[in-house]
Amino acid sequence: MTAYTMPDKTGKYGDFGGRFVPELLMPAVLELEEEYETAMKDPDFTSKLNYYLKQYIGRETPLYFAEQLTKNLGGAKVYLKREDLNHTGAHKINNTIGQALLTARMGKKKVVAETGAGQHGVATATVCALLDLECIVFMGEEDIRRQKLNVFRMELLGAEVRSVSQGSGTLKDAVNEALRYWVNHVEDTHYIIGSVVGPHPFPKIVRDLQSVIGSETKKQIMEQNGKLPEAVVACVGGGSNAMGMFYPFIEDKDVALFGVEAGGAGIETNKHAATLSGGDIGVLHGTMTYLLQDEHGQIEEASSISAGLDYPGVGPEHSHLHETNRVTYTSITDEEALDAFQYLSKTEGIIPALESSHAVAYAMKLAPEMSPDETIVICLSGRGDKDVEQVKDRIGGEL
Amino acid sequence: MGKAKLEKALHEKIKSNQNIFAPYIMAGDGGLDILEERINFIQDCGASAIELGIPFSDPVADGPTIQEAGIRALDNGTTLTNVLETLQSTKENRSIPIVIMTYLNPILVYGIEKFAKDAANAGVDGIIIPDLPMEEEHIISPSLSDHDIAFVRLAAMTSPKERLVELAKRSEGFLYAVAVNGTTGARTKHDTNVTSYLDDLKKYSDVPVLAGFGVSNSEQAHALSKHCDGVIVGSKIVQLLHEKQFKEVNRLIQESILAEVKS
Ligand SMILES: Cc1ncc(COP(=O)(O)O)c(C=O)c1O
C-alpha cells in the first residue's frame, strides 16, 4: 500500500471534506489551520499536551485482554482499549485538551461547543475549567432530557448549557446553533468541535489528537500478543474514536478495520443513524460527506438509542475510507446494542457507553467466526454510567 | 437575460441616482402559489432585484426569522425543483431580476449542471451561495458561467484585504457586502467600522456593492447607501410579509430608494 497522506492541502480526502463555510468564518478556519500546524511543531506545545494527557487524563489507557468475553464467544481473542478509563469517562477529552490548549495559544478566552450525549460537552467544560476559559455548550432539548446528569456535570464545571429546541432537538441541531454562535462571535471565540466533522482543518485536528488511541493500541498489542490484530472495531457517530483508533493502522493492510454505525430500529425502517450504509453524498456543517437526506437535499433526522451516535452526517475521512474500501462499515441496531451493554457488564464487570456497546455488539458477531489464534481489538470509547438510567427505563423489569 | 439583465437593471438605478434596494423573500413562505403575486408586488414597490431564498433544513448563516420562514416553506412542501418550475411558468409576467440564494446542498443533490440549465431557463439571473467560499467555488462556477447566470460573491468584515480584493474581482452582477459579524436578522444599527469596509469594497469592485444582513429600516439603508450602491433587506421583509403588512413593505422600499442628498 502506498503511503497514506490524507488530507491534501485543501482539506480533501479524495472527493470528501473541504471547507464549505461562509466567508465570515474563512479567516478563522485558515488561521486555525496555520496555528495548529505550527503548534504541533512546537516542542513547548506538544510537551504541554503530553503532560496533560498523562497527568490529568490518565493516559496511557490499558489495553485489556477480555478473557471471560473471549471464552464465552469461543473464537478470536478479544482486547478492549479502555478509553472509558480516561478522566471524564470517554475518549472525547483527548480532543478537547488539545483544542483548549490551542485556544489559549491563539489568545482566545472563550469556547463554544455542541454536545449530543453530553460527553463532549463535559470534556469541553472540564478542560475549560482547567485552563480558565469561558465555555458555552449547545445541547438539543431531547438530549438534555436523555442525559440530565451530564447537563448538571457541565454546570458544576462552570459551563453554560444552552438548550436547542429547533429540529428534533438532537446533535445536528446543537451543531447548527454552535456554528451560528461561532459566526456571531468568531473574533474572540474558538469552536471546539466534538468529532472528525466540520470544515477543514477540524477533521484533521480531531483525528490527530485522537490518534493517540491507535498508537498506544499498536504498541500495547505488540507487547502483549507479539503481533498486530486481525481486526479492529470501533463505533462511528461523527467518527472520532474510530478515526483515532484506525489512523495508525491504515497502512497495515492485514489489519481489517470495522466501523460500526447506529442502526437504530433497523436500516429498513428509516429510523437509524447509519450514514454510510443508508445515506448519500452532500454538504453539511462545512464538509462534503455522506449524509442522511431526502431527494431534495434536505437533511433528515437521525435516530438512535445512543445520543452520541445520533448524527445524520459522518466525518469526511470515513466517507473516503468507505469509498476506497479500506474500512468496512456496518451497523448494529438499538436492541443489539442494549444486549451488548448488559452482556459486557455481566461478563467483564465493565459497563460500556451505549455508543461503545455498538462496537462490542459487532465484535460479538465477529469473534465466533474467527480462530483462537486471531485477535480483535474493540475501542471501548466510553463508560456507561451516563446511560444507566435510560437503559433501565428501556428494559424495565427485564433485569 | 441572466447576468446582463441583472447588471443592466442595477446600473439603471445607479444612473437615475437611486439607492438600490433588493428585498429577500423566502420562496414558499405562505405557499408557492402566491410566489408570483409576491414577486409582482415587490416589483411594483420599486425594488431593484429580488433575492429569492430556497429553504434549507440547516441554515447556519441565518438567524431566527429566516430559519422560521424556511421551516414554514419546507412544511408547505417547497423544494428547489418546484421553485424553479414556478419561476419557469411565470417568467413572462415579470421584469425584475431574480437572484436565488440557496445553501449548496440542495443544488448538489439537484445536480449542478442541471441546476444551472434549469435556472437559466426559468429566468434566474443570479445566484448567491452563502456556504461556498472561493476555495470551493470551482465546483459550480463553470456551469453558472456557461448558462450566463451571475455568480454573486459574499464579502465579510473579517476578510483580510487580499480576500476582499479577490472577491470583488470575481463577483458578478453585484458584490454582496455582509455588513455584520453574524447571522442574518434585523438589527437597528451597524458597527461604525462598516463604513470604511464599504468604502474599501467600493474601491476594489467594478460591480455595484450592496450591503446586507442586519438592515431593517430606511435610516440604515440611507446611511449604508452613502458608502455603497444600496442594500439587501432580509429578515425585516420576511417578517412584514409573513404578517401581511404590505403597506409597511411598500413604505420601507419607497423610503429607502429615495435619492437623498447622495454626494
Ligand atoms: C462514549 C462515546 N463513544 C462514541 C461517541 C461517538 O462519537 P465519535 O464517533 O466521534 O467517536 C460518543 C459521542 O458522544 C461517545 O460519548
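Every chain is numbered from 1, with letters handed out A, B, ... down the list of sequences.
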Audit row: B:I139, A:F20, side-chain contact (heavy atoms from CB on, under 4.5 Å) steps and yes/no
CA-CA 11 Å; B:I139 64 170; A:F20 295 89; 4.2 Å; yes

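With a 4.5 Å cut-off on non-hydrogen atoms, B:L74 touches chain A through its side chain but not through its backbone. Using a 4.5 Å cut-off between heavy atoms, B:L80 does not touch chain A at all. For B:P55, the part sitting under 4.5 Å from any heavy atom of chain A is the backbone (N, CA, C, O) and nothing else. No part of B:I71 comes within reach of chain A, as not one of its non-hydrogen atoms sits under 4.5 angstrom from that chain. Both the backbone and the side chain of B:P106 come within contact range of chain A, with heavy atoms under 4.5 Å apart. Residue A:P22 touches chain B through both its backbone and its side chain, counting heavy-atom pairs closer than 4.5 Å.
In this structure, A:V183 and B:G182 approach most closely via the heavy-atom pair CG1-C, 3.5 Å.
Partners of A:E35 under the salt bridge (charged side-chain N to carboxylate O under 4.0 Å, His left out) rule, at least two apart in sequence or in another chain, are A:R105. With sequence neighbours left out, A:E261 forms a salt bridge (charged side-chain N to carboxylate O under 4.0 Å, His left out) with no residue at all. A search for side-chain hydrogen bond (donor to acceptor under 3.5 Å, both in side chains) contacts involving A:T103 returns nothing, not counting sequence neighbours.
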Could you list each donor and acceptor atom pair linking chain A to chain B at less than 3.5 Å?
residue: A:K12; atom: NZ; partner: B:E136; partner atom: OE1; Å: 2.8
residue: A:R19; atom: N; partner: B:E136; partner atom: OE2; Å: 2.7
residue: A:E23; atom: OE1; partner: B:R163; partner atom: NH2; Å: 2.9
residue: A:E23; atom: OE2; partner: B:S159; partner atom: OG; Å: 2.9
residue: A:E23; atom: OE2; partner: B:R163; partner atom: NE; Å: 2.8
residue: A:L24; atom: O; partner: B:T158; partner atom: OG1; Å: 2.8
residue: A:Q166; atom: NE2; partner: B:Q67; partner atom: OE1; Å: 3.1
residue: A:K172; atom: NZ; partner: B:D58; partner atom: OD1; Å: 3.1
residue: A:K172; atom: NZ; partner: B:D58; partner atom: OD2; Å: 3.1
residue: A:N176; atom: ND2; partner: B:D58; partner atom: OD2; Å: 2.7
residue: A:R180; atom: NE; partner: B:P59; partner atom: O; Å: 3.2
residue: A:R180; atom: NE; partner: B:D62; partner atom: O; Å: 3.0
residue: A:R180; atom: NH2; partner: B:P59; partner atom: O; Å: 2.9
residue: A:N184; atom: OD1; partner: B:T183; partner atom: N; Å: 3.2
residue: A:N184; atom: ND2; partner: B:T183; partner atom: OG1; Å: 3.1
residue: A:E187; atom: OE1; partner: B:N181; partner atom: ND2; Å: 3.1
residue: A:V283; atom: N; partner: B:N105; partner atom: OD1; Å: 2.8
residue: A:Q293; atom: OE1; partner: B:N105; partner atom: ND2; Å: 2.7
residue: A:G297; atom: O; partner: B:N105; partner atom: ND2; Å: 3.0
residue: A:Q298; atom: OE1; partner: B:S57; partner atom: N; Å: 2.7
residue: A:Q298; atom: NE2; partner: B:P55; partner atom: O; Å: 3.0
residue: A:I299; atom: N; partner: B:S57; partner atom: OG; Å: 2.9

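For the atom pair CG of B:L104 and CG of A:L284, the computed distance is 11.0 Å after rounding to the nearest 0.5 Å.
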